[in-house]
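We count ligands from 1, going down the list as the structure has it; atoms in each ligand are counted the same way.
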Amino acid sequence: MADRISVMLTEDQIDARIKELGDEITKKYEGKELVLICTLKGAVFFACELAKRINLPSQMEFMRCESYGNSDISSGNVKLLLDLDQNIAGKHVLVIEDIIDTGRTLSYLMEHLKTRKPASIELVALLDKPDRRVADIKADYTGFTIPDKFVVGYGLDYAQNYRQLPYIGVVEQD
Ligand code: IMP
Ligand code: MG
């Protein structure tokens, strides 16, 4: 593991932004209950921190989708590996994602969840890489818009490594 990683976003910057997102979401849903859906595995760190900052009655659910084919390029063929424990019909749902890249995974997931007739559904992404977008999808709340670089840390992996880094960084190719 000799990769060099340069810091793009520090833990303090991420914490501060998550607090702002939590406040914004708390205000938006005042008086309501929320079902928070964390997409595994990448969004797990973000979802835990964000959930702690959303001051509303809420439940946490986990889903796992996978694009067929290879690691860092999304193919658009998505399959559902882990589903929710509850019926979301009539509920207010917030999907929590680590990063929107091409948007293919999320666009599949959001369309799929809408068929379950939630009262409302929104999307929050910690990171957005708009330069690479293929599918027509936009987060309702975005932590940071970043350039087209492959990033790791804070849940994001490179071949399953680096998820545990407390910051977001770029793997420098030698
Ligand atoms: P999309 O379908 O292309 O939007 O892919 C989204 C998924 O690809 C994310 O949930 C990540 O798992 C992965 N991904 C996309 N860009 C990166 C990156 O820069 N670092 C790590 N994972 C990424
Ligand atoms: Mg992911």
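Ion pairing between Asp23 and Lys19 holds under the 4.0 Å rule for side-chain N and carboxylate O. Note on Arg53 versus Glu20: no salt bridge recorded, every NZ/NE/NH1/NH2 to OD/OE distance being 4.0 Å or above. Under the 4.0 Å criterion applied to side-chain N and carboxylate O atoms, Arg64 and Asp83 are not assigned as salt-bridge partners.
Checking only distances, Leu106 never comes within under 3.5 Å of ligand 1, N or O to N or O. For Leu156, no nitrogen or oxygen atom sits less than 3.5 Å from a nitrogen or oxygen atom of ligand 1, counting backbone and side chain alike.
Contacts between Glu97 and ligand 1, counted as non-hydrogen atom pairs separated by less than 4.0 Å, involve the side chain only. At a heavy-atom cutoff of 4.0 Å, ligand 1 is contacted by the side chain of Asp98 but not by its backbone.
In this structure, Glu30 places its CD atom where only 12 or fewer heavy-atom neighbours from other residues, nucleotides or ligands lie under 6.0 Å away.
For Gly103, the closest heavy-atom approach to ligand 1 falls below 4.0 Å.
Annotation for Ala119 and His92: closest pair CB-CE1, 3.8 Å, computed over non-hydrogen atoms. Listed here is the closest heavy atom pair of Thr105 and Cys65: CG2-CB, 4.1 Å.
Below 4.0 Å from some heavy atom of Asp157 lie the following atoms of ligand 1, by number and element: 21 (C). Close approach to Thr105 involves these atoms of ligand 1, each under 4.0 Å from a residue heavy atom: 1 (P), 2 (O), 5 (O), 6 (C). Counting the atoms of ligand 1 from 1 in the order shown, those under 4.0 Å from a heavy atom of Lys129 are 16 (N), 17 (C), 18 (C), 19 (O). Close approach of ligand 1 to Lys149 is summarised as follows: ligand atoms under 4.0 Å from at least one heavy atom of the residue are 19 (O).
Comparing Ile99, Asp128, Val134, Leu109 against atom 14 (N) of ligand 1, the shortest heavy-atom distance belongs to Ile99. Closest heavy-atom approach to atom 18 (C) of ligand 1 among the candidates Tyr162, Tyr108, Phe150: Phe150.
Distance check: Asp140 CG to Leu123 CG gives 6.0 Å after rounding to the nearest 0.5 Å.
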